[in-house]
Amino acid sequence: TPRNIYFAEKRGEPTKYNLMRKAIDEYVQVLDIKKDDTDSYYKISVLLRELGRNDEATEMLRTLLKTKPDMYEASKLLGGIYLEQKEFKKAIEVYTNAVKYNANNYELYYNLGVCYSRINDFDIARKCFQKTIELDEEMYLAYYRLGQLALLYRDFDVAEESFAKSLCNEKEAKAYF
């Protein structure tokens, strides 16, 4: 809590916030020496996001992806920020570009499916979830999402089958339901 941070700082104790700010400063020093160090840009973006400075993280990630458009981690992080901010069309743009470089990444297709679902483009969402399962048959959340979409289309047999498959992994199912 802010109060705990305040008192920890008064006592001179390092806080998570201070440690992250110090890490950012150190990565910036690396960038002063090696301007094209994409890993440092990415790590600064992660820290900025952790600090709640999403606008700065977003700007840094966009710049990074212009330099290195095939960097999956940066695309995933930027798309995730947009998804959290309910900027689904921006997230779709980021994930779609990432798929060009990572065509066999099931997470990108799953995230695309979630985004398309949120903008009510259910046909494309369904295709994304099917592609997710094609790439990773054990991505049980994709089965669950397919079940939800099948219910929308009143296809109860497909919904039942999809929901049954989504429960194949009890540990994962319990984590999400």
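Predicted, not measured: the structure shown is a model, and the values here were computed from it. For this chain, numbers begin at 1 and follow the sequence in order.
Glu134 is linked by a salt bridge (charged side-chain N to carboxylate O under 4.0 Å, His left out) to Lys131, counting only residues two or more places apart in sequence or in another chain. The salt bridge (charged side-chain N to carboxylate O under 4.0 Å, His left out) test applied to Asp157 returns no partner, not counting sequence neighbours. For the side-chain contact (heavy atoms from CB on, under 4.5 Å) test, residues two or more places apart in sequence or in another chain that qualify with Phe122 are Asn120, Leu149, Leu152, Tyr153. Scored by the side-chain hydrogen bond (donor to acceptor under 3.5 Å, both in side chains) test, Glu161 finds Lys165 as partners (sequence neighbours excluded). Residues passing the ring pair (Phe, Tyr, Trp, His ring centres under 6.0 Å) test with Phe163, sequence neighbours excluded: Tyr144. Residues satisfying the side-chain hydrogen bond (donor to acceptor under 3.5 Å, both in side chains) test with Arg118, not counting sequence neighbours, are none. Remark: Glu56 pairs with Arg53 by the side-chain hydrogen bond (donor to acceptor under 3.5 Å, both in side chains) rule, at least two apart or across chains. Qualifying ring pair (Phe, Tyr, Trp, His ring centres under 6.0 Å) partners for Tyr110, counting only residues two or more places apart in sequence or in other chains: Phe129. A search for side-chain hydrogen bond (donor to acceptor under 3.5 Å, both in side chains) contacts involving Glu84 returns Arg49, not counting sequence neighbours.
Listed for the Asn105 side chain is a donor-acceptor partner under 3.5 Å among the backbone atoms of Leu108. Without hydrogens or angle criteria, Tyr143 side chain to Glu137 main chain gives a donor-acceptor distance under 3.5 Å.
Counting only residues at least two apart or on different chains, no salt bridge (Lys or Arg N to Asp or Glu O under 4.0 Å) pair has a member in residues 146-156. For the ring pair (Phe, Tyr, Trp, His ring centres under 6.0 Å) condition, no pair includes a residue of residues 51-108, sequence neighbours left out. The stretch residues 69-78 participates, sequence neighbours left out, in these salt bridge (Lys or Arg N to Asp or Glu O under 4.0 Å) pairs: Lys76-Glu107.
No side-chain heavy atom of Asn97 sits under 4.5 Å from any side-chain heavy atom of Ser75. Inter-residue side-chain proximity for Ile92 and Ile119 is flagged as met; some heavy-atom pair is nearer than 4.5 Å. Here the side chains of Leu61 and Val94 are not in contact, with every heavy-atom distance at 4.5 Å or above.
For Glu160, the CD atom is loosely surrounded, since the number of other residues' heavy atoms within 6.0 Å does not exceed 12.
Ile124 and Val158 fall into different hydrophobic clusters, where Ile, Leu, Val, Met, Phe, Trp and Tyr residues are linked whenever their side-chain heavy atoms come under 4.5 Å apart, directly or through other members.
The distance from the CG atom of Leu65 to the OG1 atom of Thr67 is 8.5 Å, given to the nearest 0.5 Å.
Counting all heavy atoms, side chain and backbone alike, Ala91 lies closest to Gly79 at CB-O, 3.7 Å.
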